[in-house]
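Worksheet for the structure shown next.
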Amino acid sequence: MAETVAITDLQGGVRLITLNRPEKKNALTGAMYDAMRAALAEADASEAVGAVVFAGQPGMFSAGNDLADFMGHAENGFSASPALAFIRQLARTRTPMVAAVDGIAVGIGATLCLHCDLVYASPAARLRMPFVELGLVPEAASSYLLPLRVGRLRATELLLLSRPLDADEAQALGLVNAVLPADMLMEQAVAQGARLAALPRGALAASRALIRGDQARVEAVVEAEAEAFDRQLRSSESQERLAAFLSRSKPASSA
Ligand code: COA
């Protein structure tokens, strides 16, 4: 079986993390979170790695957390999940991160981008954060980072009403640096990663920390969201909606 996350160290100090589960639109399983978490932790520990690039497959960045896995977490709790372990690592990663978003970026596929230092998108990019629609709450500090980026009213549309964003609007809102033809996306993301990796590491790390602002707050919000997420995941309203997606029927309450 092909690896669902491929880790490739490229020339120029760029570590490429490629999601590779196209048959499920790159929905993320526990094993995929574990692989990404380890790749980020290793990047921080390695002098050879100076930047990380996240990529998906043509037409799909990620459909977010595997919803069947979410249903499983209802028993074990979100707090013990590989998803939360990945999110914690993502929030504290010191290595600069770049995202190359082609096609759908749902849930964590979109909120992951809020932690990236640079984000490039193809014209087909579609960001969507349907947490509340699924009976859940925002994660990965998106309830803090998104209002900071786009303002509270717009964040409310995106996080409470799950309004999708296309590539141009995501760029206009400052969530994407540039929209590029799909066949130029990876080249640009990797080239920008290599530029970051070539900078003096001390100056880069200090400047990055200043640009990113209140790190302690980001980590505190990750934990606060996780508590609410855990509660919601055990609720009948989320279980009903997750089951509805998996069986592709409408939940009774929204029929
Ligand atoms: N978890 C588990 N499986 C998923 C998934 C997810 N998040 N997203 C897609 N899949 C699976 C589908 O069940 C389907 O599997 P099947 O072929 O065995 O039936 C396969 O991936 C292809 O998905 P499909 O829905 O047919 O593709 P599409 O192009 O019509 O739609 C999406 C793509 C991403 C818009 C749609 O799949 C979707 O809305 N997924 C859920 C996204 C989501 O809510 N994520 C969590 C956010 S918190």
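Everything numeric in this text was worked out from a predicted model, so none of it was measured. When a ligand or atom number is given, it counts from 1 through the structure's own listing order.
- Of the heavy atoms in Ala63, both backbone and side-chain atoms come closer than 4.0 Å to ligand 1.
- Nearest to atom 9 (C) of ligand 1 by heavy-atom distance, out of Lys24, Glu133, Met71, is Lys24.
- For atom 23 (O) of ligand 1, the nearest protein heavy atom lies closer than 4.0 Å.
- Of the N or O atoms in Leu246, none lie within a sub-3.5 Å distance of an N or O in ligand 1.
- Looking at ligand 1, you'll find an N or O of Leu67 within less than 3.5 Å of one of its N or O atoms.
- Below 4.0 Å from some heavy atom of Phe131 lie the following atoms of ligand 1, by number and element: 48 (S).
- Among protein heavy atoms, atom 5 (C) of ligand 1 sits closest to Ala27 CB, 3.7 Å.
- For atom 15 (O) of ligand 1, the protein comes within 4.0 Å by at least one heavy atom.
- Looking only at protein heavy atoms, the nearest one to atom 4 (C) of ligand 1 is Phe245 CE2, 3.9 Å.
- Listed here is the closest heavy atom pair of Ala105 and Phe61: CB-CD2, 4.0 Å.
- Contact atoms of ligand 1 toward Arg248: 12 (C), 13 (O), 14 (C), 24 (P), 25 (O) (distance under 4.0 Å to a heavy atom of the residue).
- Within the listing of ligand 1, atoms 47 (C) sit less than 4.0 angstrom from a heavy atom of Gly107.
- Here the heavy atom of the protein found nearest to atom 44 (O) of ligand 1 is Leu134 CD1, 3.5 Å.
- Scanning all heavy atoms of the two residues, the minimum distance from Ala48 to Arg201 falls at O-NH2, 4.4 Å.
- Atom numbering of ligand 1 starts at 1 in the shown order; those under 4.0 Å from a heavy atom of Val106 are 42 (C), 43 (C), 45 (N), 47 (C).
- Compare Ile108, Asp66, Asn65 by their heavy atoms: the one nearest to atom 7 (N) of ligand 1 is in Asn65.
- Remark: minimum distance from atom 27 (O) of ligand 1 to any protein heavy atom is reached at Lys25 CE, 3.2 Å.
- Screening Phe245, Phe131, Phe229 against Phe70 for a ring-ring contact (aromatic ring centres under 6.0 Å, His included) leaves a single residue, Phe229.
- The backbone of Glu23, and not its side chain, has at least one atom closer than 4.0 Å to an atom of ligand 1 (non-hydrogen atoms only; backbone = N, CA, C, O).
- In Arg154, the CZ atom is not crowded: 12 or fewer heavy atoms of neighbouring residues, nucleotides or ligands sit closer than 6.0 Å.
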Legend entry - Working for salt bridge (charged side-chain N to carboxylate O under 4.0 Å, His left out), residues Lys24 and Asp66: CA-CA 8 Å; Lys24 295 288 183 186; Asp66 187 291; over 6 Å; no
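- Of the residues listed (Asn26, Leu112, Val101), the one engaging Ser62 in a side-chain contact (heavy atoms from CB on, under 4.5 Å) is Asn26, and it is the only one.
- Among Leu160, Ile108, Leu159, the one residue that satisfies the side-chain contact (heavy atoms from CB on, under 4.5 Å) test with Met129 is Leu159.
- In this structure, Arg88 forms no cation-pi arrangement with Phe86, as its terminal cationic atom is not both closer than 6.0 Å to the ring centre and no more than 45° off the ring axis.
- No side-chain heavy atom of Gln192 sits less than 4.5 Å from a side-chain heavy atom of Asn177.
- With a 6.0 Å radius and a threshold of 12 heavy atoms from other residues, nucleotides or ligands, Glu187 has its CD atom at or below the threshold.
- The nearest pair of heavy atoms linking Pro82 to Tyr33 is O-CB, 3.5 Å.
- In terms of protein heavy atoms, atom 32 (C) of ligand 1 is closest to Ile104 CD1, 4.5 Å.
- For atom 19 (O) of ligand 1, the nearest protein heavy atom is 4.0 Å or more away.
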